[in-house]
Amino acid sequence: MTNYHQKVFQLTRKIPRGKVCTYGIIANFLELGSARMVGWALNKSFSQGMSVPAHRVVNRKGELSGRNHFPSPDMMQKMLEAEGIEIKDNKVMDFESKVWYPEI
DNA sequence: TAGTTGACGACGG
DNA sequence: TCCGTCGCCAACT
């Protein structure tokens, strides 16, 4: 468990219900240097049994690029739809209005 | 110890 | 506008 792991987890937990965030936004806000590190850290969160709403993190196009890393590929979509986010073709509909930006 | 991998994004052609 | 390439950097093998 490293420091930036915890930063990613803490920020991800702040994402409100019904909103989504992107890897790039998180990487930029936390000054991680690379968006890939965010995805990697979230991947670790599962293997370490962390309760992180990783399904609220998508790539910059609003695509559910991380769904294959969930226990089942459609789990990410189901969880987002349960929060009122519409998913079509593995993409977040009306993506720009759903994006949440971290507050300092 | 060194090479490879990866839930991305920016940039140039 | 779309596609390919490269940089990012820590963990894994």
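Any value given below was found using the heavy atoms of this structure, including those in side chains, with hydrogens, waters and symmetry copies removed.
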remark   = Heavy-atom closest pair (A/M76 atom, A/V57 atom, distance to 0.1 Å) is CE-O, 3.4 Å
inquiry  = So which atom in A/E63 and which in A/V58 form the shortest heavy-atom distance, rounded to 0.1 Å?
reply    =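 So the two residues come closest at O-CB, 3.3 Å.
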note = Output field dot_bracket for DNA chain B (Watson-Crick or G-U, both distances under 3.5 Å, | for other-strand pairs) contains .|||||.||||||
key: Ring-ring centroid check A/H5 A/W40, cutoff 6.0 Å   = yes
Hey, can you pull the donor-acceptor pairs under 3.5 Å for the side chains in residues 24-34 of chain A, sequence neighbours left out?
unit_1	atom_1	unit_2	atom_2	d
A/S34	OG	A/R36	N	3.3

message = One character per nucleotide, please: for nucleotides 6-13 of chain B, 5' to 3', B when the base has a protein heavy atom closer than 4.0 Å, S when only the sugar-phosphate does, - otherwise.
response = BBBSS---
inquiry  = Tell me whether A/D89 at atom CG has more than 12 heavy atoms from other residues, nucleotides or ligands lying less than 6.0 Å away.
reply    = no
message = Would you say that A/H55 contacts A/F70 through its side chain, given a criterion of any heavy-atom pair below 4.5 Å between the two side chains?
response = yes
key: d(CD, A/Q48; C1', C/dA11) in whole Å   = 11 Å
ask   = A/L32 CG to C/dC8 P: how many Å, rounded?
value = 15 Å
inquiry  = Donor-acceptor pair, distance only, cut-off 3.5 Å: does the side chain of A/K98 make one with the backbone of A/G62?
reply    = no
ask   = Is A/R17 reaching over with its side chain to a backbone N or O of A/E83, donor-acceptor style, under 3.5 angstrom?
value =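 Flag not set: sc A/R17 to bb A/E83 has no pair under 3.5 Å.
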